[in-house]
Number of protein chains: 2
Amino acid sequence: MSTYEKTCLIRGDGGRAIRGILDRIGDKWTLLVVATLHGERQRFTELQQHIPGISQRMLTLTLRHLERDGLVGRTVFAEVPPRVEYELTPMGRTLIEPAVTLAEWAVEHNPDIEANHQAYDTRQG
Amino acid sequence: MSTYEKTCLIRGDGGRAIRGILDRIGDKWTLLVVATLHGERQRFTELQQHIPGISQRMLTLTLRHLERDGLVGRTVFAEVPPRVEYELTPMGRTLIEPAVTLAEWAVEHNPDIEANHQAYDTRQG
DNA sequence: CCGGATCCCCGTTGATACTG
DNA sequence: CAGTATCAACGGGGATCCGG
C-alpha cells in the first residue's frame, strides 16, 4: 500500500472512518476496559477493582457502549445476589492489536515528546 | 510478545501511556491534520481548505499542540503578505503507521459494528 | 451486587469580530 | 494571510442517591 493510499484511508470520506473509531475508543475508559477484559470474563465489581479511578457510572456507560458496538458480551445470571459477567467478543479481541500498536508508539515516543514540551515551553517563557 | 504482555502495554501504569496518546490524537482534528500534512508542507489556508469543516480557531489550536509535541514543524517567512508553512517532523511521520492500523480496523469492522447497533437498538425498543 | 437517575462542573468546540 | 480575543453552547465525566 502506498503512502498516498494510507493517508487516504485516514482522510477518506472527510475522515469519517477514523473519527468513528476515535469516537469509540478515544474516550477516557474504553481501551482500558477492553484491555482489562482481555483473556478472562469478569464481573462488574472485579472490573471496577482492576481499573483504578473509574466510577460506577462510567464503567456502566462504557460497558453499554461496548455492548452496543458488539465488542463486549454481557451475561446475566438469575441468582441472588445478582451476578453479571462481561467478556470480549471475537470482534472485541481483534481490537487489541491496533490498540497495542498505538500503545507501543506512545511508549516509544513519550520521552521525545516530553522533551519537546520542555523546549517549547521554555521558548515561550 | 505474549498476549499478556500486550495488554500490560496498554494497562501499564494505570493506562497512562495509552491515555497520553489518546489525549494527543483522540481529539476531533489532530489525526486529520497529520494525515493531510503527510507528504507535503502546506500553508495555513491550504490546510484549512483540505480539511472540510475545521474552523480557523481549531486549526490554530491543533497545530499549536502538534508543534508543542514536536510532531509538526512551523516555518514563518518574513514576507508581505505573511506566509507560514507547516510540515510533519520525522517523528510526526512515524505516527502515520499506527494511525493507519487503526483506520484499517475501523474500515474493516464498521459494517459489523453498525449491524450490532441496529440489533441492539431493536432489542431495546 | 448491579446499575439507573439526577445534579453539577468544566473543558472543548464553534461563531464572530478584530489585528499585524 | 495568519492568526488572536471573546462569548456562548454543548457534552463528558464525577459524586451521590436510590431501586431491583
Side-chain angles (χ1 to χ4, degrees), chain A residues 14-16 18-33 36-37 41-69 72-87 120 123-125, chain B residues 14-16 18-20 22-33 36-37 41-69 72-87 120-121 123-125:
Chain A
R16 213 161 301 181
I18 201 73
R19 282 252 40 83
I21 176 67
L22 284 180
D23 287 344
R24 195 163 289 115
I25 68 161
D27 68 11
K28 199 166 176 181
W29 302 108
T30 295
L31 272 190
L32 280 180
V33 171
T36 304
L37 226 37
R41 30 175 37 211
Q42 285 178 69
R43 308 180 58 168
F44 188 88
T45 308
E46 279 179 290
L47 273 171
Q48 195 173 12
Q49 287 164 354
H50 289 356
I51 304 173
I54 194 169
S55 66
Q56 225 173 24
R57 169 191 154 82
M58 291 317 297
L59 181 54
T60 300
L61 281 179
T62 305
L63 287 169
R64 285 295 165 281
H65 291 152
L66 286 169
E67 194 190 350
R68 192 172 106 100
D69 289 338
V72 158
R74 179 174 183 264
T75 313
V76 182
F77 296 86
E79 304 174 358
V80 179
R83 182 159 59 104
V84 182
E85 288 187 356
Y86 296 91
E87 62 185 333
Y120 185 92
R123 276 199 302 278
Q124 309 298 317
Chain B
R16 213 161 299 181
I18 201 73
R19 283 253 41 82
L22 285 180
D23 287 344
R24 195 161 289 116
I25 68 162
D27 68 12
K28 200 166 176 181
W29 303 108
T30 294
L31 271 190
L32 281 180
V33 170
T36 304
L37 226 37
R41 31 174 39 210
Q42 285 178 69
R43 306 179 58 168
F44 188 88
T45 308
E46 280 179 290
L47 273 171
Q48 196 173 10
Q49 287 163 355
H50 290 355
I51 304 173
I54 194 170
S55 67
Q56 220 174 26
R57 171 190 156 82
M58 290 317 296
L59 182 53
T60 301
L61 282 179
T62 305
L63 287 169
R64 287 292 169 283
H65 291 152
L66 286 169
E67 193 190 350
R68 192 172 107 100
D69 290 337
V72 157
R74 178 175 183 266
T75 312
V76 182
F77 297 86
E79 305 174 356
V80 179
R83 182 159 60 103
V84 180
E85 288 187 356
Y86 295 91
E87 62 184 333
Y120 186 91
D121 296 346
R123 276 200 301 277
Q124 310 298 316

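In what follows, every chain begins at residue 1, and chains take the letters A, B, ... in the order their sequences are listed.
Remark: P of C/dT13 and CG of A/D23 are 11 Å apart, rounded to the nearest angstrom. Atom C1' of nucleotide D/dC1 and atom CD of B/Q42 are separated by 15 Å, given to the nearest angstrom. What separates CD of B/E46 from P of D/dC1 is a distance of 11 Å, to the nearest Å. Straight-line distance from the CZ atom of A/R19 to the C1' atom of C/dT13: 12 Å, rounded to whole Å. The distance between atom CG of A/L47 and atom P of C/dG3, rounded to the nearest whole Å, is 10 Å. Atom CG of A/L22 is separated from atom P of C/dT13 by 12 Å (rounded to the nearest Å). Look at CG on B/L63: it is 16 Å from C1' on C/dT13, rounded to the nearest Å. Taking atom CG of residue A/L66 and atom P of nucleotide C/dG3, one finds them 13 Å apart after rounding to whole Å.
The distance from the OG1 atom of B/T62 to the CZ atom of B/R57 is 10.0 Å, given to the nearest 0.5 Å. Once rounded to the nearest 0.5 Å, the distance linking CZ of B/R41 with CD of B/E46 reads 11.0 Å. A distance of 5.5 Å separates CD1 of B/I54 from CH2 of B/W29, quoted to the nearest 0.5 Å. For the atom pair NE2 of A/H65 and CG of A/D23, the computed distance is 11.0 Å after rounding to the nearest 0.5 Å.
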Table of protein N/O atoms under 3.5 Å from nucleotides 17-20 of chain D N/O atoms:
none

Within the sub-3.5 Å range, which N or O atoms of nucleotides 10-14 of chain D have a protein N or O partner, and how far apart are they?
{"unit_1": "D/dG13", "atom_1": "OP1", "unit_2": "A/K28", "atom_2": "N", "d": "3.3"}
{"unit_1": "D/dG13", "atom_1": "N7", "unit_2": "A/R57", "atom_2": "NH2", "d": "3.2"}
{"unit_1": "D/dG14", "atom_1": "OP1", "unit_2": "A/K28", "atom_2": "NZ", "d": "3.2"}
{"unit_1": "D/dG14", "atom_1": "OP2", "unit_2": "A/W29", "atom_2": "NE1", "d": "3.3"}
{"unit_1": "D/dG14", "atom_1": "N7", "unit_2": "A/R57", "atom_2": "NE", "d": "3.2"}
{"unit_1": "D/dG14", "atom_1": "O6", "unit_2": "A/R57", "atom_2": "NE", "d": "3.3"}

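Between B/T60 and the phosphate of D/dG3, there is no side-chain N or O to OP1/OP2 separation shorter than 4.0 Å. Between A/Y86 and C/dG3, a side-chain N or O to OP1/OP2 separation shorter than 4.0 Å is present.
You'll find the side chain of A/V84 reaches within 4.5 Å of the side chain of A/R74, heavy atoms only. Two residues are said to be in side-chain contact when any heavy atoms from C-beta on lie closer than 4.5 Å; B/L63 and B/F44 meet this criterion. Proximity of B/R43 to B/R83: side-chain heavy atoms (C-beta onward) are separated by under 4.5 Å at one or more points. By the 4.5 Å heavy-atom criterion applied to side chains, A/Q48 and A/Q56 are counted as neighbours.
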**Request:** Start with the C-alpha distance between A/Q42 and A/H50, add both sets of side-chain angles, then the distance that settles side-chain contact (heavy atoms from CB on, under 4.5 Å), and finish with yes or no.
**Result:** CA-CA 10 Å; A/Q42 285 178 69; A/H50 289 356; 2.7 Å; yes
